Amino acid sequence: MNLKAYFDRIGYKGPFDKPDLETLNSIHRHHIQSIPFENLSIQCGETISMDLDIIYNKIVRSSRGGWCFENNLLFSWVLKEMGYKFTIMGSRVYDNHTKDYGKYESHLILQVVIDGMSYIADVSYGMSDQIWEPLELISGKDQPQLPAVFRLVEDNGVWAVEKTGRKHHIPNKKLASSPLIDIHLDRKIYCFTLTPRGIDHFVPTSQYLQTSPESLFTNKSICSLQTPTGFRGLVGWTYSEVTFNYQDGVDLFQMSTIPREEVDKVLKEKFGVVLANKLRPIDNKVDYCV
């Protein structure tokens, strides 16, 4: 595994000899705008591994994306190579249907410590809930970024990531009422404690999420990539190009339904993803918003 090859993959040409906040922010942003959040291996009949060598080969050498267990684990290796102090942690994702956080830590995140200050790094949540730069671990502080105003809220040792977004403008009236759209401006994303976790902690959850018929990831094929002005997303056959704050207080959601035979073309042209095995797109009725 080679750090320079990773930097080439994300198009990063800045300094990497000083583990400071400016460098962390830049690498974090480059990663999310170059490497998609995607679960397409599941719909290609492939097994998703938590072996770092396999993840590196998939994302760096084969120009694929991955979900949180892959992207954030790879990012932790990058931080280690660069000399950052970090901790791997688990988080429980908020369920809009039950109005509560999940029972299990199904999302891997990172705590990075720089000059005595802690930050939450997460390069693999995807879509409109993706943070662009690490969040300072301070409770109740609004942290504006282009996608939204994010904040961390602590209650009795449990931290929650929340955001306040903008209104949506969706020119395609046929998709304006799509269940993929969350009309609420305030949104809870996930919660976590500061308990360090090892990789083995996530293996059973990873296996469950890629095999269970109740898992979001077996019910929807998802690919998301941040852009300098917003993000691109593909869920099943629904393609979205989003521009954040295209008008004051309004995000533009350009959504369309693409023919099944054009899915591979869209993945290649819009996300830089070329699949080795045949993809079977899927979009079952399971709660998920772009």
Side-chain angles (χ1 to χ4, degrees), residues 32 35-48 58 64-72 91-99 101-108 122-130 168 170 172 174-184 187-190 202 205-226 230-242 253-268 270-273 275 277-290:
I32 63 172
I35 299 176
F37 168 81
E38 51 106 333
N39 71 324
L40 304 179
S41 289
I42 297 172
Q43 284 76 36
C44 288
E46 303 163 359
T47 299
I48 299 177
K58 176 182 177 180
R64 281 285 303 277
W67 60 3
C68 71
F69 297 131
E70 298 170 290
N71 270 311
N72 280 328
S91 64
R92 297 183 290 122
V93 175
Y94 189 77
D95 187 327
N96 286 318
H97 180 69
T98 63
K99 306 299 180 185
Y101 296 98
K103 295 181 179 180
Y104 307 105
E105 294 183 340
S106 60
H107 184 61
L108 188 156
D122 181 0
V123 295
S124 196
Y125 200 84
M127 302 293 181
S128 59
D129 289 340
Q130 175 64 57
H168 304 137
I170 307 169
N172 188 339
K174 292 182 179 180
L175 293 173
S177 58
S178 168
L180 293 173
I181 299 296
D182 188 351
I183 62 173
H184 301 96
R187 182 172 169 86
K188 297 178 180 179
I189 303 176
Y190 53 77
F202 299 98
T205 305
S206 174
Q207 293 173 342
Y208 169 84
L209 291 176
Q210 59 187 298
T211 58
S212 170
E214 298 181 358
S215 166
L216 162 68
F217 298 108
T218 60
N219 282 281
K220 290 188 185 291
S221 51
I222 300 168
C223 190
S224 167
L225 183 66
Q226 306 297 302
F231 72 90
R232 298 170 183 148
L234 180 64
V235 181
W237 306 270
T238 303
Y239 175 70
S240 304
E241 284 203 18
V242 176
F253 278 67
Q254 295 176 303
M255 304 177 69
S256 60
T257 302
I258 61 176
R260 179 189 292 263
E261 61 270 17
E262 293 185 12
V263 169
D264 287 344
K265 179 182 178 182
V266 170
L267 286 172
K268 180 179 180 179
K270 300 297 184 179
F271 302 92
V273 170
L275 300 172
N277 296 309
K278 180 65 177 178
L279 173 70
R280 298 179 181 273
I282 187 171
D283 188 11
N284 290 338
K285 290 184 179 180
V286 177
D287 183 63
Y288 183 71
C289 297
V290 300

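Keep in mind it's a predicted model, so treat the numbers as computed, not measured.
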| Any donor-acceptor N/O pair, Thr205 side chain to Ser106 backbone, under 3.5 Å | no
| Ignoring hydrogens and geometry, is there a side-chain-to-backbone donor-acceptor pair from Asn72 to Leu108 under 3.5 Å? | yes
| task | Look only at the side chain of Ser178 and the backbone of Leu180, and say whether a donor-acceptor pair between them is shorter than 3.5 Å. | result | yes
| query | So does Glu261 have more than 12 non-hydrogen atoms from other groups sitting under 6.0 Å from CD? | reply | yes
| request: Please answer whether the main-chain N or O of Ile48 pairs with a side-chain N or O of Gln210 as donor and acceptor at a distance below 3.5 Å. | output: yes
| request: Just do the salt bridge (charged side-chain N to carboxylate O under 4.0 Å, His left out) check on Glu262 and Lys268 with the steps written out, would you? | output: CA-CA 10 Å; Glu262 293 185 12; Lys268 180 179 180 179; over 6 Å; no
| query | Any side-chain heavy atom of Leu216 within less than 4.5 Å of one from Tyr288? | reply | yes
| message | Rounded at 0.5 Å granularity, tell me how far OG in Ser177 sits from CD1 in Ile170. | response | 8.5 Å
| field | Ring-ring centroid check Phe217 Trp67, cutoff 6.0 Å | value | yes
| said: Looking at Gly236, is its backbone amide N or carbonyl O close enough to the side chain of Lys220 to form a donor-acceptor pair, meaning the two atoms are under 3.5 Å apart? | reply: no
| request: Can you sort out the partners of Ser224 under side-chain hydrogen bond (donor to acceptor under 3.5 Å, both in side chains), two or more places apart, ordered by chain and number? | output: none
| Within the side chain of Asn172, is there an N or O that forms a donor-acceptor pair under 3.5 Å with the backbone of Met255? | yes
| field | pair Thr218-Thr211: side-chain heavy atoms closer than 4.5 Å | value | no
| Can you name the side-chain hydrogen bond (donor to acceptor under 3.5 Å, both in side chains) partners of Asn39, sequence neighbours left out? | none
| field | Inter-residue atom distance Ile181.CD1 - His168.NE2, 0.5 Å rounding | value | 6.0 Å
| field | Contact summary for Pro179 and Cys289, nearest pair of heavy atoms | value | O-SG, 3.8 Å
| With a 4.5 Å limit on heavy-atom distance, are the side chains of Ile42 and Thr47 in contact? | no
| field | Flag, side chain of Gln226 to backbone of Met127, donor-acceptor distance under 3.5 Å | value | yes
| Can Lys270 and Glu241 be counted as an ion pair, charged N to O under 4.0 angstrom? | yes
| message | Are Tyr190 and Tyr125 an aromatic pair, judged by ring center distance below 6.0 Å? | response | yes
| task | Output, in order, the C-alpha distance, side-chain angles, deciding distance and verdict of side-chain contact (heavy atoms from CB on, under 4.5 Å) for Phe69 and His107. | result | CA-CA 7 Å; Phe69 297 131; His107 184 61; over 6 Å; no
| message | Within a 6.0 Å radius of atom NZ on Lys103, are there more than 12 heavy atoms belonging to other residues, nucleotides or ligands? | response | no
| Does Arg92 have any side-chain hydrogen bond (donor to acceptor under 3.5 Å, both in side chains) partners at least two apart in sequence or in another chain, and if so, which? | none
| Going by distance alone, is a donor N or O of one side chain under 3.5 Å from an acceptor N or O of the other, for Asp95 and His97? | no
| said: Under a 3.5 Å distance rule, please check whether Ser212 uses its side chain to pair with a backbone N or O of Tyr208 as donor and acceptor. | reply: no
| query | Checking Asn71 side chain against Val123 main chain: does a donor-acceptor pair fall under 3.5 Å? | reply | no
| said: Tell me which one of Lys58, Lys278, Arg280, Arg64 satisfies salt bridge (charged side-chain N to carboxylate O under 4.0 Å, His left out) with Glu46. | reply: Arg64
| request: Tell me, with the steps shown, if Tyr239 and Leu234 meet side-chain contact (heavy atoms from CB on, under 4.5 Å). | output: CA-CA 5 Å; Tyr239 175 70; Leu234 180 64; 4.0 Å; yes
| request: Please tell me if the side chains of Phe231 and Leu225 come closer than 4.5 Å, counting only heavy atoms from C-beta onward. | output: no
| Full working for side-chain contact (heavy atoms from CB on, under 4.5 Å) between Phe37 and Ile32 | CA-CA 8 Å; Phe37 168 81; Ile32 63 172; over 6 Å; no
| query | For Val286, does its backbone N or O pair with a side-chain atom of Asn284 as donor and acceptor, under 3.5 Å? | reply | no
| request: Please report the shortest heavy-atom distance between Ser124 and Asp122, naming the atom on each side. | output: N-OD1, 3.1 Å
| message | What's the separation between atom CD in Glu38 and atom CD1 in Ile35, rounded to the nearest 0.5 Å? | response | 10.5 Å
| Rounded to the nearest 0.5 Å, how far apart are CD1 of Ile189 and OG of Ser91? | 10.0 Å
| said: Can you confirm whether Phe253 sits close enough to Val290 that some side-chain heavy atom of one is under 4.5 Å from a side-chain heavy atom of the other? | reply: yes
| Do Arg187 and Asn96 pass the side-chain contact (heavy atoms from CB on, under 4.5 Å) test, and can you show the C-alpha distance, the side-chain angles, and the key distance before you say yes or no? | CA-CA 9 Å; Arg187 182 172 169 86; Asn96 286 318; 3.0 Å; yes
| message | As an exercise, state the distance from CG of Leu40 to CZ of Phe271, rounded to the nearest 0.5 Å. | response | 9.0 Å
| Could you state the interatomic distance from CD1 (Ile282) to CD1 (Ile222), rounded to the nearest 0.5 Å? | 10.5 Å
